[in-house]
Amino acid sequence: MKNLAFETDRLARLPVLEGIPLGRPISKADHLFLGALRRVAKTGREEIISLSEGEYFEEVLIRLLSDRQLVSIHREKTTEARAIAELHTAKCILDSSSEATLSTDEQGRIIFFSKSAEKLFGRRREQLLGEKVFRFIRDSGDQIREIPFLKSSIGEKRLLNIHKEDGSTLQVTALVRTIRDSHEGADIALVIYSFADHEDQNLIPESAERTIRSLIETLSTVVEVRDPYTAGHQRRVSKLATAIAIEMGLSPDRLDSVREGALLHDIGKISVPTEILSKPGRLTENEWSLIQNHSEAGFRMLERIELPWPISCIVRQHHERLDGSGYPQGLKGREIPFETRIVSVADVFEAIVSHRPYRPAHERLAAITELTQGAGRIYDADVVDCCLSLVNRGFSLD
């Protein structure tokens, strides 16, 4: 940084270029500098100007020092100017690419948003810069938990759900990378999201989705054919669970997970002998063990099928309970996904009020009592409240 002092009255009388001792030709920067000196000498208002000469850049602050003098303070900005130019070039390159890209800081605030990302998200970058990325992107595998900050710079492929401005949800594959740098003694970390070939990223075109739904409907009837006593059970559970999910404001993709997961939640009963499923008397210990295994069996049937919703997890976990008393994994609390908690409550309510080989149907009061007593302990309290609210308003399973 350098300072130069000038007498204002003498400067006002000088020709434009007089008083600048240079051993080189007069440049455009010299003209700009002296012009700024004369303006400040005349008006008394300080100015900040940027000057460049080849690869050299500096910022100059010019202000009055006294009634007779002004001072210019010069600060070199070559490195900063190059960085800004490089950043501008990088943004231009990213904006011209068909690959949608965005980046966030360590707090998850969006700091860059490409033009292709605007198209993918259906939102203008001005709407998103400075906003938390978790408002618009959720991990497809666990939509309740925010996407964790990655420790690796190599990057990971993630299946993500993008929530668009029109309320729709798009499932895409993204490469998520963390970049760490040291700047002025502080560690800075950025997260980069790259959505390659996003025009083809909608993994469930409408025609394919219709086919998948039809297959799920067909599979759901297989159990009912083998077990006439529970005919319609999965459909009724799906109807109630879907109504709860709608009432609780779940997003469309999570709503689909609940609906389709409930339709198949007992698919594992295909592996249970028919005589056990329809046995009117009390089950033996071995028979009960076979019944309990239906959750795991259903999961094994579905886990290798590439479905657009986490249905296999719902099938496996719909008998888990918040206090860990459920099966097959003994999960507790938030280890049980919210969608599964909805299906569990709907399953319990429908099972109590419907006829079974070993007992007649109970009154709704019995189901209400069971859920009320277990709310917050073995069943999700919010889900129970919503379920019972629907029942009290006249919801019908038929």
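The analysis underlying the following values was restricted to heavy atoms, covering all of them including side chains, and did not include hydrogens, waters or symmetry mates.
- Ionic pairing of Glu339 and Arg259 is not present here: no N-O contact between side-chain nitrogen and carboxylate oxygen is shorter than 4.0 angstrom.
- Hydrophobic clustering (side-chain heavy atoms under 4.5 Å, transitive across Ile, Leu, Val, Met, Phe, Trp, Tyr) keeps Val343 apart from Leu255.
- Of the charged side-chain nitrogens involved, at least one lies within less than 4.0 Å of a carboxylate oxygen, so that Arg236 and Glu350 count as a salt-bridged pair.
- Within the model, atoms CG of Asp253 and CG of Asn161 stand 4.5 Å from one another, a figure rounded to the nearest 0.5 Å.
- Shown here are the ring pair (Phe, Tyr, Trp, His ring centres under 6.0 Å) partners of Phe395, two or more places apart in sequence or in another chain: there are none.
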Under 3.5 Å, which donor-acceptor pairs do the side chains of residues 380-387 form with other protein atoms, sequence neighbours left out?
{"from": "Asp380", "atom 1": "OD1", "to": "Asp382", "atom 2": "N", "distance (Å)": "3.0"}
{"from": "Asp380", "atom 1": "OD1", "to": "Val383", "atom 2": "N", "distance (Å)": "3.1"}
{"from": "Asp380", "atom 1": "OD2", "to": "Arg341", "atom 2": "NH1", "distance (Å)": "2.7"}

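- In this structure, Met301 CE and Ser271 OG are separated by 5.0 Å, a value rounded to the nearest 0.5 Å.
- Taken to the nearest 0.5 Å, the OG1 atom of Thr104 stands 12.5 Å off from the CG atom of Leu128.
- Within a 6.0 Å radius of CZ in Arg45, no more than 12 heavy atoms belonging to other residues, nucleotides or ligands are found.
- With contacts defined as side-chain heavy-atom distances shorter than 4.5 Å, the pair Leu397/His233 does not qualify.
- Within the 4.5 Å cutoff, no side-chain heavy atoms of Val348 are placed close to those of His319.
- Residues Val237 and Phe349 have side chains not in contact (no heavy-atom distance under 4.5 Å, counting atoms from C-beta outward).
- Classification of Glu296 and Arg316 as a salt-bridged pair holds, one side-chain N sitting under 4.0 Å from a carboxylate O.
- The distance from atom OG of Ser103 to atom CD1 of Ile110, rounded to the nearest 0.5 Å, is 9.0 Å.
- Under 4.0 Å is where a charged nitrogen must lie from a carboxylate oxygen, and between Glu58 and Arg75 no such pair does.
- Residues Ile352 and Glu370 have side chains in contact (heavy-atom distance under 4.5 Å, counting atoms from C-beta outward).
- Ring orientation note: the planes of His318 and His265 are nearly perpendicular, at an angle over 60° on the 30°/60° scale.
- Residues Arg63 and Val40 are not in side-chain contact: their nearest non-hydrogen atoms beyond the backbone lie 4.5 Å or more apart.
- To the nearest 0.5 Å, the span separating CZ on Phe121 from OG on Ser114 amounts to 9.0 Å.
- Phe299 and Tyr327 fall into different hydrophobic clusters, where Ile, Leu, Val, Met, Phe, Trp and Tyr side chains are chained together by heavy-atom contacts under 4.5 Å.
- The shortest side-chain heavy-atom distance between Ile137 and Leu102 falls under the 4.5 Å cut-off.
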